[in-house]
Engineer: 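Below is the structure I would like to discuss, written out as C-alpha cells.
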Amino acid sequence: MRNSKRPYRLISRRSCWRLSQLYHQGLAEGKWTTQLDALNALGVSQGDLSLAMQLHELPEKILDLFEDHIDISSHTVRVIRHTIRRDGLSTVLSRIERSGASGAKHSKKTVLSIVKGQALESKKMLRLSGQDPEKIVSRALDLPNNVSDRYHLGVTQGEWNSFSACAKALSISRRNVSDAVAIRQLPDSIRHLFREKEFTFSVGRKLLALKRELGLDELLSRARYKDSMYDVGGRTAENILSELKDENIRPASSFRRIRIKKGRGPNRLVIECKDPKLLLRYRREIEQAISKVLKKRVTDVEYVELMREIFGTPRPIMPRLDRLPGTFRPRLS
DNA sequence: ATTGCGGTTCGGTACCCCGG
DNA sequence: CCGGGGTACCGAACCGCAAT
C-alpha cells in the first residue's frame, strides 16, 4: 500500500511483487518463521507464494519492461517462465532486443506479447512495408495498406495490442482494422496485380472472400500469369477480379472471328466480334494497346522531345520508369 | 519448487444482419 | 454494395487444488 498510488482493493492479492514484499516483511518482524506459517497468515496458496519468490529470479531485462510491478501476478510469472523454458532464454531476450522494447515501459499484456514473440510479427510486417513511422502516422487511413501499417506500428510501439484497442484509439471501425491486416497479408503476387491506389478495402475484401472460397493455393495459381495494372495499361480492378473468378469462361473458338475495319466517316474504326459486351469491359486496355501501336508511326515534335528527355536523363529522376508498360522497353526479337 | 488439470471469467474476433 | 452494430464463439488469463 505504501508504495502504491492505488487503493489496496484494486491490487490483486496475488500480486507477486506485493506478496514477496509482505512475506519478507513478516519474516523480518518475526510474524512467521516458515513459509507454511506465512501461507496461513496471508491467506494465499503455497503455489502463489512460491511463484512470488521466483519473481526476482527473472532476468532484469524482462522485469524492466513492466510499467508497474504491482500488476505482475503469479500467472504472469508462470507464463513467462514457461515461455523461457520452452523457447530458451536467449530466444526470449533476443525477442526483446529485436522488438526494440527495452527502455520503454509496457502494460502487462504488451510484455507478454513481447516475451511470447507475438509483437515481433508486427515488427516484421512493418519492415516489409518499408515505410518510415512518420509517413505512416501522417497518412490517411483510407487504404488497407495504410491502416495495416498504422496498426503494426502501434503494436511495436506499445500503443495497443489488439484490433479493438487500435480501432478505438484511431476511431475507426474494428472491422476495418482486422480486414486491413488480413488484406495486407495476402501474398505479393496477388496484391501487386493492383496499383497502390486501386488496392482498396472493397478490392481487398473481395480477394479475401475469394481466398476463403478457393483456398490460397488455387487463388495463387489463378493469379499466375495474369497481367497486372503495371504490366498493361487500362486494366480495371473489376476485370482483374472477374478474371480471378474465372467468370465468363468460354471456348476460344467463339472468339476466333475478330475484325477491325474502317467505319463510316474519317475518324472511325469498327470492331466486330462475338459478345461485344465482354470486350467492351476491356475498352481501356484496348484503347491503350491501339495507341501504343499508333506511337510507332507518330513522330510529332513533342514526342521526340519526350524521348530525348527520358533517355538523356539520369535514372533516379525517373524512378518509376521500369514499372511503366513496355512502351519504351527494347524488344527482344 | 514445479507442474498439471479442470474450471471460470473476460476480452477480442469473426460473422451475420440490417439500414443507409 | 458498404459500413456499423449486435452477438456467438474462442482463446488467453486466471483461479484453486493437488500430486510429485
Engineer: Check every nucleotide of DNA chain B for an atom under 4.0 Å from a heavy-atom of chain A, then give the first and the last such nucleotide from 5' to 3'.
Structural biologist: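 Range of nucleotides touched by chain A: B:dA1 to B:dA14.
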
Engineer: Heavy atoms only, 4.0 Å cut-off, all strands: where does A:K168 land among base, sugar-phosphate and nothing?
Structural biologist: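 The answer is nothing, as A:K168 stays clear of every strand by at least 4.0 Å.
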
Engineer: Heavy atoms under 4.0 Å, any strand shown: does A:L112 hit a base, just sugar-phosphate, or nothing?
Structural biologist: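 Answer is sugar-phosphate: A:L112 comes under 4.0 Å of backbone atoms only.
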
Engineer: How close do A:S162 and A:A165 get, counting heavy atoms only, and between which atoms?
Structural biologist: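 Closest pair (atom of A:S162, atom of A:A165, distance): OG-N, 3.1 Å.
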
Engineer: Can you spot which of A:L244, A:I190, A:I240 makes a side chain to side chain contact (heavy atoms under 4.5 Å, CB included) with A:K226?
Structural biologist: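 Of the listed options, the one satisfying the test is A:L244.
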
Engineer: Any base atoms under 4.0 Å from A:Q35, or only sugar-phosphate, or nothing? Heavy atoms, all strands.
Structural biologist: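 Sugar-phosphate only.
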
Engineer: To the nearest Å, how far apart are A:I80 CD1 and C:dC14 C1'?
Structural biologist: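 Taking CD1 of A:I80 and C1' of C:dC14, I get 15 Å after rounding.
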
Engineer: Should the pair A:K61-A:E97 be classified as a salt bridge under the 4.0 Å nitrogen-to-oxygen rule?
Structural biologist: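 Judged by the 4.0 Å cut-off on N to carboxylate O distance, A:K61 and A:E97 do form a salt bridge.
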
Engineer: Is there a donor-acceptor pair under 3.5 Å between the side chain of A:T156 and the backbone N or O of A:L153?
Structural biologist: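 It does hold such a pair.
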
Engineer: Please verify the inter-ring angle class for A:F194 with A:F199; under 30° counts as parallel, over 60° as perpendicular, anything in between as tilted.
Structural biologist: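 Rings of A:F194 and A:F199: tilted, 30 to 60°.
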
Engineer: Identify which nucleotide among C:dA13, C:dG3, C:dC2 has an atom closest to any side-chain atom of A:S202, counting heavy atoms from C-beta outward.
Structural biologist: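 Out of C:dA13, C:dG3, C:dC2, the nucleotide with an atom closest to A:S202's side chain is C:dC2.
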
Engineer: May I have the distance from A:D48 (atom CG) to C:dC14 (atom C1'), rounded to whole angstrom?
Structural biologist: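 One finds 10 Å between C1' of C:dC14 and CG of A:D48, rounded.
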
Engineer: If you compare every side-chain N and O of A:K108 against the phosphate oxygens of C:dC14 (OP1, OP2), does one of them come in below 4.0 Å?
Structural biologist: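 Yes, such a contact exists.
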
Engineer: Side-chain contact, heavy-atom cut-off 4.5 Å: A:R18 with A:Y23?
Structural biologist: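 No - every pair of side-chain heavy atoms lies 4.5 Å or more apart.
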
Engineer: Looking at A:R224, I want to see if its CZ is surrounded by more than 12 non-hydrogen atoms of other residues, nucleotides or ligands under 6.0 Å.
Structural biologist: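 Open.
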
Engineer: Select base, sugar-phosphate, or nothing to describe what A:S164 touches, counting heavy atoms under 4.0 Å on all strands.
Structural biologist: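 Here A:S164 touches the bases of the nucleic acid.
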
Engineer: Indicate every side-chain donor-acceptor pair of residues 214-221 of chain A with a distance under 3.5 Å to a residue at least two apart or in another chain.
Structural biologist:
| residue | atom | partner | partner atom | Å |
| --- | --- | --- | --- | --- |
| A:E218 | OE2 | A:R222 | NE | 2.8 |
| A:E218 | OE2 | A:R222 | NH2 | 3.4 |
| A:S221 | OG | A:E218 | O | 3.1 |

Engineer: Rounded to the Å, how far apart are A:K206 NZ and C:dC2 C1'?
Structural biologist: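 Between C1' of C:dC2 and NZ of A:K206: 10 Å.
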
Engineer: Whole angstroms only, please: what is the NZ-C1' distance between A:K109 and C:dA13?
Structural biologist: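 Taking NZ of A:K109 and C1' of C:dA13, I get 9 Å after rounding.
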
Engineer: Rounded off to whole Å, could you give me the CG-to-P distance for the A:L143 and C:dG3 pair?
Structural biologist: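 Going from CG in A:L143 over to P in C:dG3 covers 12 Å.
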
Engineer: Quick one: A:F163 CZ to C:dA12 P, roughly how many Å, whole number?
Structural biologist: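 Result: 14 Å.
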
Engineer: Give one of base, sugar-phosphate or nothing for A:Q46, where a contact means two heavy atoms less than 4.0 Å apart.
Structural biologist: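 Result for A:Q46 = base.
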
Engineer: When you measure from the side-chain N and O atoms of A:S45 to the phosphate of C:dG16, is any distance below 4.0 Å, counting only OP1 and OP2?
Structural biologist: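 False: A:S45 side-chain N/O out of range (4.0 Å or more) of C:dG16 OP1/OP2.
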
Engineer: Answer with base, sugar-phosphate or nothing: what part of the nucleic acid does A:R78 contact at a heavy-atom distance below 4.0 Å?
Structural biologist: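 The residue A:R78 makes base contact.
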
Engineer: Can you tell me how far CH2 of A:W32 sits from CG of A:L42, rounded to the nearest 0.5 angstrom?
Structural biologist: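 If I round to the nearest 0.5 Å, the distance is 4.0 Å.
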
Engineer: Please determine whether side chain to side chain donor-acceptor pair (under 3.5 Å) holds for the pair A:K206 and A:S202, giving the CA-CA distance in whole Å, both sets of side-chain angles, and the decisive distance to 0.1 Å.
Structural biologist: CA-CA 6 Å; A:K206 281 164 193 160; A:S202 176; 3.2 Å; yes

Engineer: Please enumerate all protein N or O atoms sitting under 3.5 Å from an N or O of nucleotides 5-11 of chain C, with distances to 0.1 Å.
Structural biologist:
| residue | atom | partner | partner atom | Å |
| --- | --- | --- | --- | --- |
| C:dG6 | N7 | A:R174 | NH2 | 3.3 |
| C:dG6 | O6 | A:R174 | NH2 | 2.9 |

